Amino acid sequence: LSLHDALPIYEDVLSIRKGSDESDSSGDYNEYAEQEKTAFNNVEYTVRGNADKFTSAIWIKDGHFYSLISSKDMSKDSIKKLVEEIIGLN
């Protein structure tokens with residue numbers, strides 16, 4: 001059995017960060033052609049992407065900066081649904 005066969009291969013990576021304050025701690029310095037602000041449960045968030053392929057979202061809740069970065073392109077509706085699920089957890 002090779003190491004390659006023994007270890008799972010993760011092709012899709014999702015990173016969620018929570019900062020210690022309200023300053024941007026995402027580490028995402030990309031520029032996005034599309035940015036849409038919306039709100040859920042009184043939390044404003046922004047989804048970001050290019051050509052209808054979204055990979056990033058940011059928001060501030062309870063004094064903390066949050067970010068979500070996906071290595072896989074997502075539709076706007078899919079990333080918004082994911083962000084709203086995360087916001088609803090806290």
Side-chain angles (χ1 to χ4, degrees):
L1 185 64
S2 72
L3 182 59
H4 177 15
D5 293 331
L7 296 176
I9 304 300
Y10 295 100
E11 294 179 4
D12 301 328
V13 176
L14 185 65
S15 171
I16 302 170
R17 292 185 177 184
K18 177 182 178 182
S20 60
D21 56 25
E22 293 187 4
S23 59
D24 187 338
S25 58
S26 68
D28 183 2
Y29 303 106
N30 295 311
E31 292 188 24
Y32 295 96
E34 297 181 56
Q35 297 191 42
E36 181 180 303
K37 288 186 179 183
T38 191
F40 178 77
N41 284 355
N42 296 317
V43 176
E44 185 176 278
Y45 66 92
T46 303
V47 294
R48 308 182 292 189
N50 295 305
D52 293 325
K53 298 175 182 174
F54 290 79
T55 56
S56 176
I58 56 173
W59 65 96
I60 295 173
K61 182 177 178 191
D62 299 329
H64 298 277
F65 185 92
Y66 290 82
S67 64
L68 177 149
I69 299 174
S70 173
S71 65
K72 181 179 179 182
D73 294 338
M74 303 175 75
S75 70
K76 185 189 305 182
D77 288 341
S78 293
I79 198 166
K80 288 171 75 172
K81 182 178 178 183
L82 181 57
V83 170
E84 291 174 3
E85 287 180 23
I86 294 167
I87 289 171
L89 292 174
N90 306 21

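Note that the structure is a prediction, hence the values are computed from the model and not measured.
- With sequence neighbours excluded, the residues forming a side chain to side chain contact (heavy atoms under 4.5 Å, CB included) with Glu22 are Ile60, listed by chain and number.
- Other residues, nucleotides and ligands place no more than 12 heavy atoms under 6.0 Å from the CG atom of Asn42.
- The side chain to side chain contact (heavy atoms under 4.5 Å, CB included) search around Tyr32 returns Asp28, Asn30, Gln35, Arg48, Asn50, Thr55, Ser56, not counting sequence neighbours.
- Between Thr38 and Phe40 there is no side-chain heavy-atom pair separated by less than 4.5 Å.
- Both Ile86 and Ile79 are members of a single hydrophobic cluster when ILVMFWY side chains are connected at heavy-atom separations under 4.5 Å.
- Of the possible donor and acceptor atoms, none in the side chain of His64 sits under 3.5 Å from a partner among the backbone N and O of Lys18.
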Inset, instruction - May I have the step-by-step check of side-chain contact (heavy atoms from CB on, under 4.5 Å) for Ser26 and Phe65, ending in yes or no? - result: CA-CA 8 Å; Ser26 68; Phe65 185 92; 4.1 Å; yes
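- Put simply, CD on Glu36 and CZ on Phe54 are 6.5 Å apart, with the number rounded to the nearest 0.5 Å.
- Annotation for Gly88 and Asn41: closest pair CA-ND2, 4.3 Å, computed over non-hydrogen atoms.
- Residue Tyr29 shares its hydrophobic cluster (ILVMFWY side chains chained together at separations under 4.5 Å) with no other residue.
- Within the 4.5 Å cutoff, the side chain of Met74 has heavy atoms near those of the Leu82 side chain.
- No side-chain heavy atom of Lys53 sits under 4.5 Å from any side-chain heavy atom of Glu34.
- A donor and an acceptor atom, one from each side chain of Asp77 and Ser75, are nowhere located under 3.5 Å apart.
- Annotation: the span from Ser67 atom OG to Asp24 atom CG amounts to 7.0 Å, rounded to 0.5 Å.
- The aromatic rings of Tyr66 and Trp59 lie parallel to each other, their planes meeting at an angle below 30°, with 60° marking the opposite boundary.
- A continuous path of ILVMFWY side-chain contacts below 4.5 Å connects Val43 to Leu68, so both sit in one hydrophobic cluster.
- A side-chain donor-acceptor contact under 3.5 Å links Lys61 to the backbone of Ile87.
- Between atom CD1 of residue Ile58 and atom OG1 of residue Thr46 there is a gap of 5.0 Å, rounded to the nearest 0.5 Å.
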